[in-house]
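Heads up: the structure comes next, in C-alpha cells.
Since we're looking at a predicted model, the values are computed, not measured. Note on naming: letters A, B, ... go to the chains in the order of the sequence lines (proteins, then strands), and numbering restarts at 1 for each one. Values below: every heavy atom of this structure, side chains too, minus hydrogens, waters and symmetry copies.
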There are 2 protein chains.
Amino acid sequence: MALRNAILATLLEGEASGYDLSKGFDASVANFWMATPQQLYKELEALAAQGLVTARVVEQDRRPNKRLFSLTDAGREALREFTAQPAKITAIRDELLVKVQAVDAGDLDAVRRAVADRLEYARAKLARYDRGRARMLAGRTEDEYFDQVERIGPYLTLMRGRSFEKENIRWAERALSILDKRAARRAL
Amino acid sequence: MALRNAILATLLEGEASGYDLSKGFDASVANFWMATPQQLYKELEALAAQGLVTARVVEQDRRPNKRLFSLTDAGREALREFTAQPAKITAIRDELLVKVQAVDAGDLDAVRRAVADRLEYARAKLARYDRGRARMLAGRTEDEYFDQVERIGPYLTLMRGRSFEKENIRWAERALSILDKRAARRAL
DNA sequence: ATTGGCATGTAACCAGTTACATGATTCC
DNA sequence: GGAATCATGTAACTGGTTACATGCCAAT
C-alpha cells in the first residue's frame with residue numbers, strides 16, 4: 001500500500017519497466033522511496049491486476065523483451081486519493097546512527113570507517129542530485145523554472161533529497177573529527 | 001536483528017522497562033530508530049531468552065509492576081560485534097515526499113496541509129532536541145563537553161536528529177511558499 | 001463520568017529482504 | 001575469458017504494523 005503509491009507517483013513521469021523502476025528506485029536516484037527489484041516486479045503485477053496500471057510488451061533485438069507499465073485513469077484516481085489522505089509520520093531507521101549511539105561501548109575504528117563510508121556515499125549522491133537539478137533548471141532560476149513548468153513535485157522532492165545529503169556531509173565531517181579526537185585520547 | 005541492536009544501544013544509558021523504551025522510541029526522542037510498543041515487548045522477551053539482557057521486576061505501589069531490563073556482558077559483546085560489522089545503506093521512505101512528488105496530479109490543498117503538518121511537527125521536535133542538547137552541554141561548549149564526558153555517541157546522534165529537523169523546517173517553508181504560488185496560479 | 005497515563009502482552013496480518021533461478025549481450 | 005548490463009521472475013523468511021485485550025490510578 002505504501003510502495004504502491006511510490007510506483008504510481010513515479011509513473012507520472014511516463015511509462016517504465018520493472019527494470020527501469022528498479023534503477024530509479026535504487027540507491028542512486030531514490031529521493032523519497034527505496035525498493036528492491038523483487039518488490040517492484042511483484043507490486044507491478046498486483047497493480048496491473050487491480051487495473052491501476054497497464055502493461056505493454058516491447059520486443060527488442062539483442063535484448064530481452066520488456067514490459068512497459070503506464071498509469072490508467074483508475075491509477076491516477078488512486079494516486080489522487082492517496083494525496084488527499086492524512087499522512088502518517090515516517091519512521092526514521094538508520095543503522096549507522098545505531099552504531100554511532102553505541103560507539104562508546106563498540107569498535108571505535110569500525111564506526112569511524114562506517115561514518116567515512118557514509119560521507120563518501122553522501123558526496124556521490126549529492127553530485128547526482130546537483131546534476132539532476134542542473135538538468136531540470138536548464139539555466140533558468142528557480143522562480144523562472146516554477147513559472148514555466150507544469151510539474152513542481154519532482155523538483156521539490158529532489159531538493160529535499162539534496163539537502164538531506166548536504167546535512168549528511170556536514171554531520172559526518174564533524175562526527176569524524178570528534179571520533180578522531182576520541183581515538184587519540186584513548187591511545188594515551 | 002535490527003531493532004535488537006537499537007535496543008541494546010539504548011540500554012547503554014541504563015536499565016529501562018518496555019514502557020520506558022516505548023516512550024524513548026516514540027516520535028519524541030527517537031533520533032535514530034522507531035518502534036511500536038508491541039515490537040519492543042516482543043524483542044525484549046527474545047533478548048532475555050538469548051541472555052543478552054536480564055530483567056528484574058520492580059513492584060510499585062499505586063502503579064502496575066514493571067520489568068526493568070539491563071545489558072548483560074553477552075549483550076555488550078553482541079553490541080560490540082554489531083558496531084564492527086559493515087553497515088548497509090539505509091532505505092529512505094517518506095510518505096510525505098511521495099505525496100509531494102505526486103502533487104501535480106493530486107490534491108494540492110491536502111498536500112499543502114501535509115507539508116504544513118510536517119513543518120509544525122519538525123518545529124516541536126527541534127525544540128525537544130534543543131532542550132536535550134542544553135541538558136547535555138550544561139553550559140559547557142561542545143569542545144569542553146567532549147573533553148569531559150565518557151560517552152560521545154548520544155550527543156552525535158542527537159545532533160544528527162537536530163540537523164535533520166532543521167532541514168525539514170527550511171525545506172517545508174520553501175515548499176509551502178512554492179505550493180501557495182502554484183495554488184494562486186491555478187485559481188486564475 | 002471520562003480521558004489520559006502507566007504497564008504489559010497476544011494474534012493476525014502485511015510489507016520487505018534474501019536467496020535462488022535463467023539467459024542473452026556487451027564491454028574490458 | 002570474465003564481469004557487468006539488460007530483463008524477468010519465484011520462494012522462503014524476517015521484520016513491522018494493526019487490532020485486540022486487561023486493569024488500576026490520577027486528574028479534570
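Look at Gln60(B) and you won't find any side-chain N or O under 4.0 angstrom from OP1 or OP2 of dC6(C). Checking the phosphate oxygens (OP1, OP2) of dT8(C), a side-chain nitrogen or oxygen of Ser17(B) falls inside 4.0 Å.
Heavy-atom nearest nucleotides on DNA chain C were determined for Met1(A) and for Pro64(A), and the one closer to the 5' end corresponds to Met1(A).
Ring orientation note: the planes of Tyr145(A) and Tyr155(A) are tilted relative to one another, at an angle of 30° to 60°.
The pair Glu167(B)-Arg160(A) does not count as a salt bridge, with every side-chain nitrogen at least 4.0 angstrom from each carboxylate oxygen. Residues Asp94(B) and Arg118(B) are paired through a salt bridge, judged by an N-O separation under 4.0 Å between the basic side chain and the carboxylate. Salt-bridge annotation for Arg113(A) and Asp109(A): present, with a side-chain N of the basic residue lying under 4.0 Å from a carboxylate O of the acidic one. Of the charged side-chain nitrogens involved, none lies within less than 4.0 Å of a carboxylate oxygen, so that Arg4(A) and Glu81(A) do not count as a salt-bridged pair.
Closest approach to the Gln38(A) side chain among dG16(C), dG9(D), dT8(C) is made by dG9(D) (side chain taken as heavy atoms from C-beta onward). In the set dT26(C), dG16(C), dG16(D), dG16(C) carries the atom at the smallest distance from any side-chain atom of Arg93(B). Of the candidate nucleotides dT25(C), dG16(C), dG9(C), dG9(C) has the atom nearest to the side chain of Glu45(B). Out of dT18(D), dA15(C), dA7(D), the shortest distance to the side chain of Tyr41(A) is found at dA7(D). For Lys88(A), whose side chain is taken as the heavy atoms from C-beta onward, the closest listed nucleotide among dT8(C), dC6(D), dT18(D) is dT18(D). Side-chain proximity of Arg67(B) to dT8(C), dC6(D), dC6(C): nearest is dT8(C). Comparing dC6(D), dG16(D), dT8(C) by their nearest atom to the side chain of Lys23(A) picks out dC6(D).
Whole-Å rounding puts the Lys66(B) NZ to dC6(C) P distance at 10 Å. Note: CZ (Arg63(B)) to P (dT8(C)) measures 12 Å, nearest angstrom. Computed from coordinates, the Glu43(B) CD to dT8(C) P distance equals 16 Å when rounded to whole Å. Residue Tyr19(A) contributes atom OH, which lies 4 Å from atom P of dC6(D) at whole-angstrom precision. Regarding Asn65(B), its CG atom lies at a distance of 11 Å from the P atom of dG9(C), rounded to whole Å. Atoms CD (Gln39(A)) and C1' (dA19(C)) sit 15 Å apart, rounded to a whole Å. Between Lys42(B) atom NZ and dT18(D) atom C1' the separation is 13 Å, expressed in whole Å. Between Glu95(A) atom CD and dT17(C) atom P there is a gap of 12 Å when expressed in whole angstrom units.
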